[in-house]
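A short write-up of the structure that comes next.
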Protein chains: 2
Amino acid sequence: MSKASAKTSKSASNAAIVQAALEKLRAAGLRPTKQRIALGALLFDGRDRHVTAEALHDEVRGAGADVSLATVYNTLHQFTEAGLLREVVVNAGASHFDTNVGAHHHLYYADSGELHDVDATDVRIEGLPAVPRGAEIERVDVIVRLRRR
Amino acid sequence: MSKASAKTSKSASNAAIVQAALEKLRAAGLRPTKQRIALGALLFDGRDRHVTAEALHDEVRGAGADVSLATVYNTLHQFTEAGLLREVVVNAGASHFDTNVGAHHHLYYADSGELHDVDATDVRIEGLPAVPRGAEIERVDVIVRLRRR
DNA sequence: CAACAGTTTAGAATTACTCTAATGTACTGC
DNA sequence: GCAGTACATTAGAGTAATTCTAAACTGTTG
C-alpha cells in the first residue's frame, strides 16, 4: 500500500470506501460525521477485521484523521448496537470488535492475542441443555483457545 | 446459616471445611496461610461457584477474616495455576473464577451477570476446522449467552 | 441560515487490576 | 523451641482500559 497520497488527495478506491461507509451509516440511522466516516472507512473495507479501541484509535490517527479516543469508544459501541460490529470477549484485558457480524466462532491464540474467525455454518453443537424457562438464546460463542507448540 | 458464632467459635462443619481447604493447599504445594485457608474454605465447600475478586474479597471480610484485595488476586491466580480454579472470561469488565475445574461450558445471563455451568460430557461440537500446524488446543469454551424474556 | 438536537472532545473519574517495598509468618534445621 | 530464611501479605501507589462530564462543535430541519 502506497503512503504517497497523504491527507490531501485521496485515491479513487478510497473515495469508494468512504462512500460505502457513508451509506452504511445512513442505513443505520447514524449521522455521517467526519469521525464516523473515517472509522467506518477503516472498518468496512470488506475484510473481516478484529480491532481493539486503542488499535483503531492509533490507526485512524495514523491515517491523518483527528478522532479522540472517547469517540472511538462511542463509535465502536454505536456500530455494535447498530449491528455493524460484534463485540468479542476473549480476554479480560480488552474488548475486541469484529467486523464479521455473520454467524461464526473464534480461534484464539492466548499468547499473541491473535483472533481468527471460524464460519459457523458447518459447526454443529449438540447436547446443550434446554433453554431455561423465561430466557432465550442471544448467541452461542465458541472459543477455541490455542497454544503454540 | 447462623451468624451467632462469630470469629471466635467455629461450627464443627466449618472446621471440617477448613481442614479440607488446608489439605487441598498442601496437596497443591501452597503454604497454608491464614488467608489462603479462609479463601479456600469459602471456595472449596463442595459447591460449584463463580466469583470475582471483588465479590470474594467482600465475602471473606464479611466472614470476619482480614484479607487484602491484593491477596485475593494473588490467591485466585495461584489457585488457578494449581488447577484448583478456572478463569472464565465472559464479559470485558471482570474475570470470573470457577470452582468447577472439570470439562464444562457456560450459560451466561448478560443482564444479571449470572453464570451457570453446563457439563461438557454430553456436549459434542462438530465441524470445527483442523487445528493449525504448530498449535494445539488448550481448551474449547462454549458460552451460551441468554437474554431474559 | 438560524436553531437545536445530536456529536465530539479533553481531561477527570472510575474500575479492575498489578506492582512495590516494607512488614509478617510458615517451615526448616538445630 | 527458636533462629533464620524463603515465602506471603499488605497498604497504597501505579497502570490500563474504559466511561463520564460539561463545554464546544456540526449536521439537519424548518
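Chain A is the first sequence line, chain B the second, and so forth, proteins listed ahead of strands; every chain is numbered from 1. What you see below is based on every heavy atom in this structure, not just the backbone, and it leaves out hydrogens, waters and symmetry mates.
Whole-Å rounding puts the A/Glu81 CD to C/dG6 C1' distance at 15 Å. As a whole-Å value, the separation of B/Phe79 CZ from D/dA8 C1' is 13 Å. Between the NE2 atom of B/His57 and the P atom of C/dT15 there is a distance of 16 Å, given to the nearest Å. One can place CD1 of B/Ile37 at 12 Å from C1' of C/dT25, the figure rounded to the nearest angstrom. When rounded to the nearest whole Å, the span between CG of B/Leu76 and P of D/dT9 equals 12 Å. Across the protein-nucleic acid pair, A/Tyr73 atom OH and C/dA13 atom P stand 19 Å apart, rounded to whole Å. Atom-to-atom, NE2 of A/His96 to P of D/dA17 comes out at 10 Å; the value is rounded to the nearest Å. Whole-Å rounding puts the B/Arg31 CZ to C/dT28 C1' distance at 9 Å.
Between C/dT8 and A/Ser68, no contact under 4.0 Å exists linking OP1 or OP2 to a side-chain N or O. For D/dT28, one of the phosphate oxygens OP1 or OP2 lies less than 4.0 angstrom from a side-chain nitrogen or oxygen of A/Arg26. Side-chain nitrogen and oxygen atoms of B/Gln35 include at least one within less than 4.0 Å of the OP1 or OP2 phosphate oxygen of D/dT10.
Side-chain contact between A/Phe44 and A/Ile17: absent, with no pair of heavy atoms (C-beta onward) separated by less than 4.5 Å.
Across all strands, A/Asn91 comes closer than 4.0 Å to no nucleic acid atom at all (heavy-atom distances). Among the atoms of the strands shown, only primed sugar atoms or phosphate atoms (P, OP1, OP2) are found under 4.0 Å from some heavy atom of B/Ala94. Using a 4.0 Å heavy-atom criterion, one finds that B/His77 contacts the sugar-phosphate atoms exclusively. Contact annotation for B/Thr33: backbone-only contact, meaning every heavy-atom pair under 4.0 Å involves sugar-phosphate atoms and none involves a base. Residue-level contact check: A/Ser95 touches the backbone only, with heavy atoms under 4.0 Å from sugar-phosphate atoms and none from bases. Heavy atoms of B/Leu69 sit nowhere under 4.0 angstrom from any nucleic acid atom.
A ring-centre distance under 6.0 Å is not found for B/His116 and B/His50.
Set against D/dT10, D/dA6, C/dC17, the side chain of B/Asn74 has D/dT10 as its closest nucleotide.
Side-chain atoms of A/Ser95 and A/Glu87 include a donor-acceptor pair closer than 3.5 Å.
By the criterion of side-chain heavy atoms lying less than 4.5 angstrom apart, applied directly or through intervening Ile, Leu, Val, Met, Phe, Trp or Tyr residues, B/Leu43 is grouped together with B/Leu22 in one hydrophobic cluster. Under the 4.5 Å side-chain contact rule for hydrophobic residues, B/Val51 and B/Val101 do not share a cluster.
When each of B/Ala92 and B/Val67 is assigned the nucleotide of DNA chain D bearing its nearest heavy atom, the one mapping closer to the 5' terminus is B/Val67. Between B/Glu54 and A/Arg36, the one whose closest nucleotide on DNA chain C sits nearer the 5' end is A/Arg36.
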